[in-house]
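Since the structure comes first, as structure tokens, the remarks are kept for the end.
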Amino acid sequence: MVEVPDKQCDLVMKGGITSGVVYPRAIRRITQDYRLLNIGGTSAGAIAAVVAAACEYRRQGDPTRGVEPTPTAFDHLEAVTTEITQPGFIRGLFQATPAGKPVLDLGLALVTGSGSTVRRILTVAGFVLRRSWLFAVLAGVLVASWFALASFGAWAIVDAGVSWKGWVALVLGAVLLVPVTIALVVPVALGALARFVLAANQALMDNSLGLVTGHNSDPDGPPALTDWLHRTIQESAGLGLDEPLTFSMLKGADLEHPVVNLRLITTDLSYSRPVDLPANREGWTSYLFDPDEMARFFPPSVVEAMKGSGRPRPHGSRMLYPFPADDLPIVAAARLSLSFPILLSTLPLWSAHPTREGELVEHCMSDGGISSNFPIHFFDALFPGRPTFGLDLQPYPDPKEQEARDREKEPYVLFGAPRRPGFSSVNNLFTFFRQLLDAALNWRDSLQGELPGYRDRICQIRLTKTEGGLNLDMKKEVVDTLVVRGAEAGEAVCTQFDWKSHRFTRFLTLVEMLHEQLGPDAAQKKLAEFRTEAGDDIPLETWPTYAGHEPDWWPRTSPVVAEALNRVTWAEDAKTPLPKPTMRIVPKV
């Protein structure tokens, strides 16, 4: 008989588009040893997170909706794995609009192709020019002209030979055809490129700045990404398609001790900041949504669930509903998190103008990976009570770099290993902008992953350039390889993690951070001086931030805290974790 594990853990998964195929087997292995309490992710990691949350929901059961506790709930991930490994299945989920399909085909050819900058330019030129009827006609005329000239010269030679005047005429004809060809081809080629760019821009503007909505409104057509994800979530949770699984259903009746706590992240481009999902919390933006707009992105049952019992607010010809918080279907949150720029359409939400009373503004919600592609901070604590595991997608080292390291065989799965900065040569504009983007998006996550006490709970799953990412047309054997790699990652997490060592390292890191921030032997002095200077003149009870504390909390607590911190002593030769941590207080997203 299968039993639910007693040990608890949190799990966070990184974004990576098709790289997410590694997650099902990894999750299934981890959940054989752990019960998932907190689950988070971004982009493709959000897909894995919502499916894992649905499985844990079913494993725990929900008697209020007739869902019996099912210890084998995570076995459903094997059916998911079988489905996504079918040839062409992943590519079929990304259904571009008719106007956007040429742009998607070209973009994938550029991103997943290899070769020099010149080769990429030739790829673009060939793709664009093949679609221009004017260029085809012109090319036909020019080829016919060259053929006629060559045929005439050959005929003249065979028939009676060619005089020097004839040779001059042939050479002049051939020479003159070159500038004529250039003069005709270049404007036509530039015109074709301009028309393609304008058409691509219009396709994006007409489809919320994306090539793929993720939803197929034809019920008889093949499922698109969001439709498939909705079905997968509901089947994993043991629910029907007309009762979308929500954040509140995952949490259960006791909000202080949720059954499953799911957190995802999206990016509000209009405010240039991340948004933690579920949103609409106190002190943050209260969003609204238009059900007619959402119908372009979600199945009808999801849109109806989003409307709930909210009261609509008229705005011109629109009826805007409050964007749900805990009652938000988790498939909607996942779609908000995985709006990969250009590939998947952004989602429009609305809110009150920040400065103009009574005016509403439209927000552009995009991929959560723009803000944090590996939000392992979601469930972190200064001193953890349970492990927070991270499944991190990393590039496999370049073979040239392996040769430089004495041809060592680099593993594809690394758990808790000391992390070296990932080096990439910057030798052209393409690599320059690629590394520029990577530094802007991932530097925080990359640096934290190098810290002791943080890196030792992260499993790196390393992918080559032809695996995952935007490789939508991966061959079945490649997908199968990634699935096996995911199983290896899950096994590494369960067999190589040392909880006692992890907590002790985190304790050292915490104490060192307090020591560095407060200054050696200064904690008691600083607090004592402040307490003396403040005296009894601080109107504690009237401070808004003092609410909830007992009136004498500060006088009683400050000496105790100062004394406790002052007892932390450090020898000059004390060994502390490297690199050193730092503390930075920022608003919670």
Side-chain angles (χ1 to χ4, degrees), residues 10-15 20 36-54 56-57 214 225-226 229-230 233 237 244-252 255 258-289 293-294 297-298 302-303 305-308 310 321-341 344-351 363-380 388 586-589:
D10 305 333
L11 182 63
V12 177
M13 288 161 283
K14 190 175 186 178
L36 302 183
L37 184 60
N38 295 309
I39 310 171
T42 302
S43 196
I47 295 178
V50 295
V51 175
E56 190 64 70
Y57 167 83
L225 179 62
T226 309
L229 181 57
H230 174 51
I233 290 171
L245 183 61
T246 65
F247 284 89
S248 59
M249 293 164 64
L250 289 175
K251 291 180 178 179
L255 298 182
V259 178
V260 181
N261 183 38
L262 173 68
R263 289 179 65 185
L264 307 177
I265 194 167
T266 186
T267 301
D268 185 340
L269 293 181
S270 301
Y271 274 158
S272 300
R273 72 182 188 188
V275 176
D276 188 2
L277 297 170
N280 279 4
R281 301 187 311 281
E282 182 180 358
W284 286 81
T285 302
S286 293
Y287 292 106
L288 305 165
F289 76 97
E293 288 181 327
M294 292 297 112
F297 307 103
F298 299 106
V302 175
V303 178
M306 290 173 66
K307 289 167 63 175
Y321 285 73
F323 188 72
D326 282 344
D327 290 329
L328 177 69
I330 63 174
V331 66
R335 177 61 180 82
L336 277 165
S337 183
L338 59 87
S339 300
F340 189 83
L344 282 154
S345 304
T346 61
L347 268 65
L349 296 181
W350 297 76
S351 78
H363 294 253
C364 180
M365 313 300 290
S366 191
D367 191 87
I370 299 172
S371 305
S372 178
N373 205 31
F374 188 37
I376 199 166
H377 60 275
F378 266 164
F379 314 116
D380 245 338
T388 296
V586 296
K588 185 178 181 181
V589 299

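Along the sequence shown, residues are numbered consecutively beginning with 1. Scope of the values below: all heavy atoms of this structure, side chains included, with no hydrogens, waters or symmetry mates. Owing to the predicted nature of the structure, the values given are computational and were not obtained by experimental measurement.
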Less than 3.5 Å apart, which donor and acceptor atoms pair up between the side chains of residues 324-333 and the rest of the protein, not counting sequence neighbours?
unit_1	atom_1	unit_2	atom_2	d
Asp326	OD1	Lys251	NZ	3.1
Asp326	OD2	Lys251	NZ	3.4
Asp327	OD1	Ser248	OG	3.0

Would you say [X] and [Y] make side-chain contact, with heavy atoms under 4.5 Å?
X	Y	result
Leu344	Phe297	no
Ser351	His363	yes
Leu336	Leu277	yes
Leu11	Phe379	no
Asp10	Ile39	no
Glu293	Trp350	yes
Thr388	Asn38	no
Leu347	Arg335	yes

Taking atom CE of Met13 and atom CD1 of Ile376, what is their separation to the nearest 0.5 Å?
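One finds 11.0 Å between CE of Met13 and CD1 of Ile376.
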Show every side chain to side chain donor-acceptor pair (under 3.5 Å) that has at least one partner inside residues 41-54, sequence neighbours left out.
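The answer is Ser43-Asp367.
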Please confirm whether the backbone N or O of Ile265 pairs with a side-chain atom of Ser337, one donor and one acceptor, at under 3.5 Å?
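Answer holds: yes.
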Taking all heavy atoms of Leu264 and all of Ala334, pick out the closest pair and write down the distance.
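So the minimum-distance heavy-atom pair works out to CD1-N, 3.6 Å.
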